2 protein chains.
Amino acid sequence: MPKLDLSQIPFKGGSSYPGKLAEATAGRFVQRVGDAGGLTQYGVNIVRLEPQGMSSLRHYHMEQDEFAIILSGSCTLIDDDGEHDLQPGDCATWPAGEANGHHLVNKTDAPMTFLVVGTRTPTETGYYSDIDMMVKDDENGFAFTRKDGSPLTADQIGDDND
Amino acid sequence: MPKLDLSQIPFKGGSSYPGKLAEATAGRFVQRVGDAGGLTQYGVNIVRLEPQGMSSLRHYHMEQDEFAIILSGSCTLIDDDGEHDLQPGDCATWPAGEANGHHLVNKTDAPMTFLVVGTRTPTETGYYSDIDMMVKDDENGFAFTRKDGSPLTADQIGDDND
């Protein structure tokens with residue numbers, strides 16, 4: 001039915017980032033509510049950030065509009081213009097192609113949650129503002145490389161067996 | 001900047017419904033936060049329903065995914081399956097093409113708010129469940145007709161000069 005039973009949709013940890021970069025989002029847990037409700041044209045996730053957790057590495061999307069609203073607790077939006085306090089009800093938008101790398105960081109000592117929406121597009125390119133990395137998404141899946149398309153270095157992503 | 005100044009985005013009344021049908025949403029006020037933030041791929045609106053207000057006539061979309069989350073207060077989701085209570089944090093999804101007419105009605109004695117997301121598509125057809133009306137949206141704008149494409153009748157839409 002249209003009303004979702006949120007108790008049946010798990011908050012999952014994990015990251016698609018390669019190697020040690022995945023550690024960046026260790027404090028992030030994602031509830032995929034749009035997927036659970038059968039939506040395909042955009043993703044809708046409720047995200048819980050534990051204290052010191054962050055939403056992602058600082059990034060921007062070339063093809064996908066992004067929207068967030070704070071649901072509970074508070075966090076800090078960090079972008080090219082600095083730091084911005086976000087409280088429950090505050091909203092932020094990142095239109096596709098605007099090169100303003102951003103992420104949300106929980107600098108408080110309590111968990112917080114936000115809802116985020118992102119368009120689903122057949123292809124996508126994203127750029128990371130603080131490291132030499134980009135991501136391309138197409139019919140073959142995600143591919144993380146340096147911004148010139150060359151492979152990430154061992155220095156960037158580390159190795160569990162080091 | 002990405003963080004929106006919500007105090008600068010008005011809640012507007014009004015309706016695109018023809019004739020007396022516009023009265024249905026007299027208790028609905030819409031804050032177009034996605035538009036204000038430059039998003040184009042989907043609409044994001046915060047909607048305030050006054051007591052007895054409703055989100056829309058009961059309808060469903062053929063081409064556009066729809067999502068809602070309750071922000072404050074409570075309301076009743078009415079769809080083909082009956083009535084469902086929605087409290088703050090509750091979410092609902094209506095995938096494109098699922099023929100389950102729905103709307104949200106504020107049956108309480110206090111205002112309530114929800115956030116709603118809908119895909120922007122080049123064309124769209126919507127059907128109204130409780131009356132003989134459909135809407136088509138294309139490069140020429142909205143057109144409301146009976147479900148067979150014939151014009152709405154005076155009995156359906158009335159006339160301010162009656």
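None of the values given here were measured: they were computed from a predicted structure. In what follows, chains are A, B, ... by sequence order, proteins preceding strands, each numbered from 1.
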> With a 4.5 Å heavy-atom cut-off, do A/I46 and A/F114 have their side chains touching?
Replying inline: no
> For A/H84 and A/D79, what are the C-alpha separation, side-chain angles and deciding distance, and is it a side-chain contact (heavy atoms from CB on, under 4.5 Å)?
Replying inline: CA-CA 8 Å; A/H84 316 276; A/D79 65 15; 3.0 Å; yes
> Can you name the one residue among B/I78, B/D80, B/L77 that meets side chain to side chain contact (heavy atoms under 4.5 Å, CB included) with B/H102?
Replying inline: B/L77
>> Counting only non-hydrogen atoms closer than 4.5 Å, can you tell me which residues of residues 2-17 of chain A sit against chain B?
In response: A/P2, A/K3, A/L4, A/L6
>> Would you say A/L115 ends up clustered with A/L39 if hydrophobic residues are merged whenever their side chains have heavy atoms under 4.5 Å apart, either directly or through other cluster members?
In response: yes
>> Is A/A96 in contact with chain B via its backbone, its side chain, both, or neither, using a 4.5 Å heavy-atom distance?
In response: side chain
>> Assess, by modelled atom type and distance only, whether the side chains of B/D155 and B/T153 contain a donor and an acceptor separated by less than 3.5 Å.
In response: no
> With only heavy atoms counted, which part of A/V44 is less than 4.5 Å from chain B, the side chain, the backbone, both or neither?
Replying inline: side chain
> Picking from B/N100, B/D81, B/T40, which has the most non-hydrogen pairs under 4.5 angstrom with chain A?
Replying inline: B/T40
> So which bits of residues 119-139 of chain B come within less than 4.5 Å of chain A, counting non-hydrogen atoms only?
Replying inline: B/T119
>> Please check if the number of heavy atoms outside A/D109 that lie under 6.0 Å from its CG is greater than 12.
In response: no
>> Is there a side-chain contact (heavy atoms from CB on, under 4.5 Å) between B/E83 and B/K107? Walk through the geometry before answering.
In response: CA-CA 11 Å; B/E83 301 200 354; B/K107 297 188 175 189; 2.9 Å; yes
>> According to side-chain hydrogen bond (donor to acceptor under 3.5 Å, both in side chains), does anything in residues 68-77 of chain B pair up with another residue at least two apart or in another chain? List the pairs.
In response: B/S72-B/T113
> Do B/F67 and A/Y42 touch side chain to side chain, with heavy atoms closer than 4.5 Å?
Replying inline: yes
> If you measure from the Lys or Arg side-chain nitrogens to the Asp or Glu carboxylate oxygens, is any gap between A/E50 and A/R28 under 4.0 Å?
Replying inline: no
> Quick one: does B/L86's side chain get under 4.5 Å of B/L104's, heavy atoms only?
Replying inline: yes
> Are A/E66 and A/T93 close enough that some pair of their side-chain heavy atoms sits under 4.5 Å apart?
Replying inline: no
> When only pairs under 4.5 Å are counted, which of B/P95, B/P88, B/A68 shares the most heavy-atom pairs with chain A?
Replying inline: B/P95
>> For B/E63, give me all partners under salt bridge (charged side-chain N to carboxylate O under 4.0 Å, His left out), at least two apart in sequence or on another chain.
In response: none
>> Taking side chain as everything from C-beta outward and backbone as N, CA, C, O, which of these in B/A36 sits under 4.5 Å from a heavy atom of chain A? Side chain, backbone, both or neither.
In response: neither
>> Is B/V117 close to chain A through its backbone or its side chain, or both, or neither, when contacts mean heavy atoms under 4.5 Å?
In response: both
> Given a strict heavy-atom distance threshold of 4.5 Å, which part of B/L71 is in contact with chain A: side chain, backbone, both, or neither?
Replying inline: side chain
